[in-house]
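Please read all numbers here as calculations on a predicted model, not as lab measurements.
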Amino acid sequence: MEQLKINNNAEDELIEAAFQDVLNGYLASNHRKKVEIITRAYTFAKKAHKGIRRRSGEPYILHPIAVAKIVSKEIGLGSTSICAALLHDVVEDTDYTVEDIEQHFGKKIAQIVAGLTKISGGIFGDKASAQAENFRKLLLTMSEDIRVVLIKMADRLHNMRTLGSLAPNKQYKIAGETLYIYAPLAHRLGLFAIKTELEDLSFKYEHPEAYQQISDKIKESELHRTEIYKTFSSPIKAKLKEMGLKYEAKARMKSVYSIWNKMEKKHVPFEEIYDIYAMRIIFECEDPTLEKVTCWNIYSIITDLYKLHPDRTRDWISVPKANGYQALHLTVMGPDGNWIEVQIRSRRMDEIAEKGFAAHWKYKIGEGDEESELNVWLRTIKDILDNPEPSAIDFLDTLKLNLFSSEIIVFTPKGELLTLPNNSTVLDVAFELHSQLGLHCIAGKVNHKLVPLSHKLKSGDQVEVLTSQTQTPHREWINFLATAKAKSRLRAALRKEQQPFIEQGKEKFRAFIAKHKLNASNELVTKILGMLHLPNREELYLALGRNEISLDDNVVKSITRNGSQSILSKLFRRKPTEKEIPDKKEEIDTKKTYILKHNENGSNFKIADCCCPIPGDDVMGFIDDDNTVVVHALNCPRALALKASYGPRILSTEWDVETRKFLATIHIEGLDRFGILQELIQMISSHLSIDIRRLNIEAQNEVFSCELSVLIEDSQVATDLCNKVKQINGVKQSIRIH
């Protein structure tokens with residue numbers, strides 16, 4: 001009993017210290033000091049969550065306190081947001097209502113808590129739901145009060161920091177959802193530091209070995225990097241001192257996730273990633289009107305000292321990014337012969353870059369400005385939400401188009417500036433200006449030159465949209481649209497036009513089902529869709545309504561062959577032997593790690609053909625509609641979408657496959673010479689005894705590239721093969737591609 005009392009006292013002290021840390025951070029900020037209401041919110045939340053613990057065993061109240069600390073210290077929000085963060089789970093997890101919150105803390109805090117409750121999926125509870133509808137709610141709340149999403153971001157960050165206490169399948173689901181939605185959303189909101197940490201934490205749980213390897217290599221090369229940075233930065237610092245500038249200069253490391261991303265995209269090892277760090281110069285400037293000229297003065301000093309890369313200067317001071325980011329980036333040749341990026345910012349720009357829109361408010365005067373920064377983007381999001389996609393995956397993909405911020409800036413003939421995603425076309429501009437312009441667009445004029453609808457735009461282009469009342473929307477337009485707004489508007493118009501055909505198709509399908517006395521189950525529809533190579537029911541009904549396909553007796557024979565026979569045929573067929581009886585598919589326990597097995601009777605899994613993983617790869621399982629486990633590589637784009645949309649169907653998996661071989665593709669390139677192909681084939685088939693299934697080689701002048709498909713047991717064989725091939729004279733690169 002005495003021991004329990006001591007433990008309780010220690011816990012109380014820990015909780016009080018954590019809350020005091022939040023208060024100290026708030027008091028050190030430049031917000032108005034509303035300590036009394038924050039203390040009341042803490043006391044209220046502590047009482048509400050009394051006796052409740054997290055999966056890790058710690059008192060639950062430590063989670064809202066940690067979220068409040070992130071909201072205050074890392075995002076820079078004030079007392080209203082801190083109170084809402086402390087209270088964010090009270091309505092969701094206890095008997096208190098939004099009305100109780102309003103009575104004690106006022107309307108504004110109650111509205112934010114209500115918004116947070118609305119979008120809560122109970123991430124750590126049995127109600128875990130990552131369906132698209134949840135993200136739709138999350139984004140709808142942005143237009144009500146942006147602070148809801150900022151607090152949700154802090155909540156997600158703390159959940160990611162404490163993800164270790166969860167089961168592996170939950171870790172995959174939450175990490176995948178974070179990487180797919182929350183990290184791009186943080187980027188779009190300008191929360192760069194949070195976005196980077198979310199990416200790194202997701203990567204750590206999805207690819208623990210790769211994460212550890214890259215982290216170790218960063219530590220190993222630290223001394224060498226520090227020496228190069230010192231040599232590079234010393235003359236710059238000396239010149240800045242001569243200018244009499246008050247500044248801070250530091251080396252900014254690329255995150256583990258972005259290094260890995262570059263390795264994957266460029267198919268190169270860690271040693272060939274040269275831009276692992278950049279130099280960042282942050283200068284103090286009291287007068288905002290002098291920021292731009294100071295940036296260019298520093299630029300001038302650096303380019304006097306080092307050779308400039310002509311194509312890699314980025315001026316985000318004159319035209320900031322859509323998320324508010326401002327800086328001047330240039331790339332110069334370093335003393336070791338590698339390119340080094342230098343980022344130049346004022347202190348104000350740096351705060352905005354790290355803390356996003358919340359930092360804007362600090363530099364604004366007057367009430368109401370805090371929402372204005374995001375209005376344009378929020379309008380775009382509302383456009384998408386008003387016309388949601390019928391499929392969860394489609395909706396999330398459409399949404400992501402607008403969350404990434406690789407952007408171009410174009411101008412209308414009147415000089416109006418439009419910020420669009422990369423690869424946007426004339427048709428995107430038409431839809432951006434007005435839906436009707438998009439639907440009736442026939443062509444465009446870019447810089448006064450006539451171009452087709454599909455013409456891809458570049459930053460700085462002046463775009464004029466040409467329309468005709470006789471023009472109608474076409475299905476193939478979807479292939480060259482880049483903006484979410486344009487895609488959702490076009491799909492909505494096509495659906496309206498297609499609705500009569502869809503209704504006719506539905507009637508034909510019902511008549512077909514009734515005629516052949518079939519059960520219109522999801523399984524049957526899935527079989528028909530697979531046989532006709534159609535993506536969903538809507539496309540099936542549309543094709544039927546337009547008489548593009550027909551359902552005849554051959555379809556019936558095909559779909560009944562696998563177990564939908566008549567009662568008579570079931571009675572009179574011969575009794576199968578024990579070996580022929582297929583295993584009855586049991587309910588799969590998603591809480592346990594699923595062992596991927598293969599023996600003489602077959603496999604208990606199916607390999608996804610989108611990424612073709614092999615044993616040794618980091619993989620996850622997805623339970624499809626037939627209760628079959630489909631194995632995806634963790635970094636497969638399709639797997640990312642599945643984790644974000646169908647969390648409860650995700651499985652943690654482990655390979656236990658010995659007898660089966662898998663197909664892998666190896667990309668080889670190098671200097672062409674007589675006999676190199678013969679040497680390559682001889683090494684693979686004779687010395688390494690690997691079965692070659694496909695070989696495609698192409699030589700251009702003195703360089704060759706080759707794609708090789710081989711049957712192997714696991715990823716280690718692929719790694720060994722690549723290393724051996726690199727030893728052949730003339731081979732410069734040998735990597736496995738997914």
Please check this pair: side chain of Y26 against backbone of K34, looking for a donor-acceptor N/O pair closer than 3.5 Å.
yes
Interatomic distance, CG@L198 vs CD1@I194, rounded to 0.5 Å, equals 7.0 Å
N-O pairing of K108 and E102 below 4.0 Å:
no
When rounded to the nearest 0.5 Å, the distance separating CG of L77 from CD1 of I70 is 11.5 Å
Looking at every heavy atom in both V91 and V98, which two are closest together, and how far apart are they?
CG2-N, 3.9 Å
Nearest 0.5 Å please: distance from the CD atom of Q111 over to the OG1 atom of T80.
11.0 Å
Answer whether the closest heavy-atom distance between the side chains of K173 and M620 falls below 4.5 Å.
no
Can D89 and Y60 be counted as having a side-chain donor-acceptor contact under 3.5 angstrom?
yes
Begin from the C-alpha positions of F203 and H207 and carry the test ring-ring contact (aromatic ring centres under 6.0 Å, His included) through to its verdict.
CA-CA 6 Å; F203 178 54; H207 303 276; 5.6 Å; yes
Angle class for the F19/Y42 ring planes (parallel below 30°, perpendicular above 60°, tilted otherwise)?
parallel
One should read off an interatomic distance between H329 NE2 and I317 CD1, to the nearest 0.5 angstrom, of 9.0 Å
E16 and K46 ion-paired at < 4.0 Å
yes
Decide, yes or no, whether a salt bridge links E291 with R348 under the criterion of side-chain N to carboxylate O below 4.0 Å.
yes
W260 vs Y257 aromatic rings, parallel, tilted or perpendicular, using cut-offs 30° and 60°?
tilted
Report yes if some heavy atom in the side chain of F105 is under 4.5 Å from a heavy atom in the side chain of V113; otherwise report no.
no
Under 6.0 Å between ring centres, would you say that holds for F192 and Y325?
no
Check: I623 main-chain N/O paired with R649 side-chain donor or acceptor under 3.5 Å:
yes
Quick test of your reading of the model: are E36 and R40 salt-bridged, counting only N-O distances below 4.0 Å?
yes
Of all the heavy-atom pairs spanning L86 and I38, show the shortest one and how long it is.
CD1-O, 3.7 Å
Determine, step by step, whether R347 and Y247 satisfy the side-chain hydrogen bond (donor to acceptor under 3.5 Å, both in side chains) criterion, reporting the C-alpha distance in whole Å, the side-chain angles of both residues, the deciding distance to 0.1 Å, and the verdict.
CA-CA 9 Å; R347 180 65 63 191; Y247 72 94; over 6 Å; no
Within the side chain of S435, is there an N or O that forms a donor-acceptor pair under 3.5 Å with the backbone of F431?
no
Smallest separation among heavy atoms of E74 and E197, with atom names
OE1-OE1, 4.4 Å
Within the supplied structure, the quantity of interest is the number of heavy atoms (other residues, nucleotides, ligands) at a distance under 6.0 Å from K73 NZ; does it exceed 12?
no
Q343 side, atom CD; D350 side, atom CG - distance, nearest 0.5 Å
9.5 Å
Decide yes or no for L191 and I75: does some side-chain heavy atom of the first lie under 4.5 Å from some side-chain heavy atom of the second?
yes
Quick one, N261 with S258, criterion side-chain hydrogen bond (donor to acceptor under 3.5 Å, both in side chains). Give me CA distance, side-chain angles, the key distance, then yes/no.
CA-CA 5 Å; N261 227 353; S258 58; over 6 Å; no
Validation row: I281, K250 side chains within 4.5 angstrom (heavy atoms)
no
Any donor-acceptor pair under 3.5 Å linking the side chain of D100 with the backbone of T97?
yes
Assess the residue pair Y96 and F44 against the criterion (ring-ring contact (aromatic ring centres under 6.0 Å, His included)); give the C-alpha distance rounded to whole Å, side-chain angles, the decisive distance to 0.1 Å, and a yes or no.
CA-CA 10 Å; Y96 287 105; F44 190 94; 4.7 Å; yes
Which pair of heavy atoms, one from A186 and one from M153, lies closest together, and at what distance?
N-CE, 3.7 Å
If we ignore hydrogens and angles and just use 3.5 Å, is the side chain of Y205 paired with the main-chain N or O of G164 as donor and acceptor?
yes
Please report the interatomic distance CD1(I82) to CG(L87), rounded to the nearest 0.5 Å.
12.0 Å
Which pair of heavy atoms, one from T483 and one from P421, lies closest together, and at what distance?
CG2-CD, 3.4 Å
Look at the side chain of S72 and the backbone N and O of A68, then say whether any donor-acceptor pair between them is shorter than 3.5 Å.
no
Would you find more than 12 non-hydrogen atoms of other residues, nucleotides or ligands less than 6.0 Å from D287 atom CG?
yes
Grab the two heavy atoms, one from T196 and one from S255, that are nearest each other, plus how far apart they are.
CG2-CB, 3.5 Å
Main-chain N/O of M349 paired with R345 side-chain donor or acceptor, under 3.5 Å:
no
Only one of I65, I61, V67 passes side chain to side chain contact (heavy atoms under 4.5 Å, CB included) with H63; say which it is.
V67
Evaluate salt bridge (charged side-chain N to carboxylate O under 4.0 Å, His left out) for K204 paired with E209, printing each intermediate quantity in order.
CA-CA 8 Å; K204 182 182 176 181; E209 284 179 25; over 6 Å; no
Is the charged tip of R156 near the ring of Y182: under 6.0 Å from the six-membered ring centre and within 45° of its axis?
yes
